[in-house]
Amino acid sequence: MTTAQTPELDVQPTPLALLLLGREADPRSERGVECPGDLPSPSDPDLVERARAAKEKLGDKVFVLGHHYQRDEVIQFADVTGDSFKLARDAAARPQAEYIVFCGVHFMAESADILTGDDQKVVLPDLAAGCSMADMATAEQVAECWDVLTEAGIAEQVVPVSYMNSSADIKAFTGKHGGTICTSSNAKRALDWAFEQGEKVLFLPDQHLGRNTAVRDMGMSLEDCVVYNPHKPNGGLTAEELRAAKMILWRGHCSVHGRFSLDSVNEVRERIPGVNVLVHPECRHEVVAAADHVGSTEYIIKTLEAAPAGSKWAIGTELNLVRRLANRFASEDKEIVFLDRTVCFCSTMNRIDLPHLVWALESLAEGTLVNRIEVDKETEAFAKLALERMLALP
């Protein structure tokens with residue numbers, strides 16, 4: 001095809017293509033972003049110095065949060081690092097910071113906005129930094145699910161428990177319907193509480209964390225769990241199946257942790273004799289069952305900190321963190337490898353890069369508020385109620 005012919009074609013980019021380019025918004029997915037002004041070039045050799053200068057100019061007015069899965073180039077500017085809930089609480093503990101720059105993904109920034117003061121402004125350097133898991137449960141889908149449970153005659157018996165990795169809308173639904181939020185660290189405590197309130201749990205949006213906690217930590221059977229698929233009529237389940245189930249698991253998963261397989265575990269054991277397999281509970285049930293250790297991101301870090309010199313570890317979580325831990329403990333002769341041979345970063349988390357961080361910090365330093373994440377008051381109130389129930393767990 002010649003260049004002259006090209007203008008005659010009526011080719012329109014799809015919403016998904018525009019989203020991936022960071023140029024438009026797809027209302028069915030995470031928000032896109034068009035920066036008011038040019039981003040710095042990623043090849044700009046002065047990016048590090050520009051970020052440092054802007055952060056110094058802002059001083060105590062800015063507090064930068066860095067999730068464990070962020071790139072090293074971004075993590076170096078974080079005032080604190082951690083998982084999503086720890087970072088949101090750290091932000092709430094800094095009321096003097098006018099700007100909270102969250103180097104993470106959209107639902108994390110929402111949680112920070114919910115927990116911080118009204119006078120604090122939460123900024124996400126790239127609004128297209130989303131979470132595939134959080135996107136797998138929309139408010140409309142969950143409301144329809146509740147209608148299905150109502151028609152089956154069991155809604156009054158069901159307590160919703162939503163994973164921290166969910167949108168503010170889903171957290172608000174959870175709070176409105178008497179449920180609580182959980183993290184990967186306290187999922188068992190949250191489920192224990194929920195079963196004291198009702199006979200069944202609707203677990204959103206990660207089926208694997210729900211199943212692993214119920215079966216591995218609470219002694220339930222796989223038959224006690226059913227999977228509700230929002231893309232099928234009635235979730236793909238009969239009323240009888242819903243009535244018989246204890247755990248109604250939403251059909252959602254983490255795109256990174258969901259890729260690890262039993263073959264990955266078997267292969268690394270054969271390749272590295274004596275290796276300890278340590279995985280996140282967002283992994284599939286068969287992977288968790290075959291692992292030596294299972295726990296949250298913070299658990300993974302603490303386990304490696306306490307590991308003896310010369311020990312060998314295969315880690316099933318996001319690659320940025322695994323690589324950072326491997327470098328950190330190399331001097332202690334701890335061999336740390338990624339569980340899967342195929343490299344897998346969290347693609348949306350990696351949208352927060354140095355150019356976007358520099359742009360956000362320089363804009364704030366010049367007095368221009370960009371990419372603010374703000375949850376509406378009604379949603380915030382019910383979401384905060386669910387979060388407070390979690391904080392009150394014994």
Side-chain angles (χ1 to χ4, degrees), residues 28 107 131-184 186-215 217-254 281-282 285 378-379 381-390 393:
R28 297 165 299 177
F107 79 81
C131 171
S132 58
M133 181 199 296
D135 282 348
M136 290 176 190
T138 68
E140 294 78 11
Q141 289 172 333
V142 176
E144 183 178 335
C145 172
W146 200 255
D147 288 341
V148 171
L149 300 181
T150 300
E151 291 172 9
I154 62 171
E156 292 184 356
Q157 306 167 30
V158 177
V159 177
V161 175
S162 292
Y163 189 23
M164 193 73 185
N165 297 26
S166 58
S167 68
D169 286 339
I170 302 306
K171 291 182 176 72
F173 169 89
T174 305
K176 189 179 295 187
H177 289 82
T180 187
I181 308 302
C182 76
T183 68
S184 52
N186 69 5
K188 181 181 182 301
R189 275 185 288 157
L191 288 179
D192 284 337
W193 174 87
F195 280 111
E196 291 172 359
Q197 318 305 312
E199 299 174 22
K200 303 173 186 293
V201 164
L202 171 63
F203 194 90
L204 299 150
D206 179 25
Q207 62 171 306
H208 299 307
L209 177 61
R211 182 183 296 107
N212 289 328
T213 306
V215 176
D217 300 332
M218 301 180 68
M220 295 187 202
S221 69
L222 290 173
E223 289 69 33
D224 290 324
C225 307
V226 295
V227 177
Y228 182 95
N229 185 344
H231 303 292
K232 291 184 177 181
N234 298 317
L237 298 167
T238 66
E240 290 73 22
E241 287 173 320
L242 288 168
R243 293 185 192 115
K246 292 183 180 179
M247 290 285 292
I248 302 168
L249 306 169
W250 193 263
R251 189 177 182 270
H253 65 275
C254 170
E282 290 176 19
H285 181 67
E378 181 180 359
T379 301
F382 282 111
K384 195 167 187 178
L385 179 60
L387 286 165
E388 287 172 345
R389 288 192 186 115
M390 180 183 75
L393 290 174

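What you are looking at is a predicted structure, and each value in this text was computed from that prediction instead of being measured. Atom set for the values below is all heavy atoms of this structure, side chains included, hydrogens, waters and symmetry mates excluded.
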- Message: For a quick test of reading the model, state the closest non-hydrogen atom pair linking Val226 to Glu241 and the distance between them.
- Response: CG1-O, 4.1 Å

- If you draw a 6.0 Å radius around CD in Glu156, do more than 12 non-hydrogen atoms from other residues or ligands fall strictly inside? no

- Query: Are side-chain heavy atoms of Ile248 and Leu242 found at a separation under 4.5 Å?
  - Reply: yes

- Message: For Pro205 versus Tyr163, what's the shortest heavy-atom pair and its separation?
- Response: CD-CB, 3.8 Å

- Distance (rounded to the nearest 0.5 Å) between His231 NE2 and Asn229 CG: 6.0 Å

- Note on the structure: d(Met133 CE, His253 NE2) to nearest 0.5 Å is 8.5 Å

- Taking the side chain as every heavy atom from C-beta outward, state whether Glu199 and Val159 have any pair of such atoms under 4.5 Å apart. no

- Side chains of Ile170 and Val142 in contact at under 4.5 Å (non-hydrogen atoms): yes

- Query: What are the two closest non-hydrogen atoms of Asn186 and Met390, and how far apart are they?
  - Reply: ND2-CG, 3.4 Å

- NZ of Lys176 to CG of Asp169: how many Å apart, nearest 0.5 Å? 9.5 Å

- Message: Pair Met220, Lys246 - check side-chain contact (heavy atoms from CB on, under 4.5 Å), show working.
- Response: CA-CA 9 Å; Met220 295 187 202; Lys246 292 183 180 179; 4.3 Å; yes

- Task: Without swapping roles, check the side chain of Lys200 against the backbone of Arg243 for a donor-acceptor pair under 3.5 Å.
- Result: yes

- Query: So how far is it from Leu393 CG to Cys182 SG, rounded to the nearest 0.5 Å?
  - Reply: 9.0 Å

- Message: With no hydrogens and no angle check, just 3.5 Å: does a side-chain donor-acceptor pair link Ser221 and Asp224?
- Response: yes

- Query: How about Asp206 and Trp250: do any of their side-chain heavy atoms sit closer than 4.5 Å?
  - Reply: no

- Does the side chain of Phe203 reach to within under 4.5 Å of the side chain of Leu209, using non-hydrogen atoms? yes

- Query: Distance from Met136 atom CE to Gln141 atom CD, nearest 0.5 Å?
  - Reply: 11.0 Å

- Note on the structure: In this structure, CD of Gln157 is separated from CG of Leu149 (nearest 0.5 Å) by 10.0 Å

- Message: Checking Met247 against Arg211 for the side-chain contact (heavy atoms from CB on, under 4.5 Å) test, could you report, in this order, the C-alpha distance in whole Å, the side-chain angles of both residues, the deciding distance, and whether it holds?
- Response: CA-CA 8 Å; Met247 290 285 292; Arg211 182 183 296 107; over 6 Å; no

- What pair of heavy atoms forms the shortest contact from Ala168 to Ala383, and how long is it? O-CB, 4.0 Å

- What heavy-atom pair brings Val215 and Cys225 nearest, and what distance separates the two atoms? CG2-SG, 4.3 Å

- Message: Does Arg189 have more than 12 heavy atoms from other residues, nucleotides or ligands lying within 6.0 Å of its CZ?
- Response: yes

- Message: Lys171 vs Met164, test: side-chain contact (heavy atoms from CB on, under 4.5 Å). Steps then yes/no.
- Response: CA-CA 8 Å; Lys171 291 182 176 72; Met164 193 73 185; 4.1 Å; yes

- Is there a donor in the side chain of Tyr228 and an acceptor in the side chain of Gln207, or the other way round, less than 3.5 Å apart? no

- Task: Compare every heavy atom of Ser166 with every heavy atom of Ala134, then report the nearest pair and how far apart it is.
- Result: CB-CA, 4.1 Å

- Query: Do the side chains of Ile181 and Thr174 get nearer than 4.5 Å, heavy atoms only?
  - Reply: yes

- Message: Any donor-acceptor pair under 3.5 Å linking the side-chain atoms of Thr150 with those of Asp147?
- Response: no

- Task: Determine, stepwise, if the pair His208 / Leu249 fulfils side-chain contact (heavy atoms from CB on, under 4.5 Å).
- Result: CA-CA 8 Å; His208 299 307; Leu249 306 169; over 6 Å; no

- Please tell me if the side chains of Gln197 and Thr180 come closer than 4.5 Å, counting only heavy atoms from C-beta onward. no

- Please tell me if the side chains of Asp217 and Leu191 come closer than 4.5 Å, counting only heavy atoms from C-beta onward. no

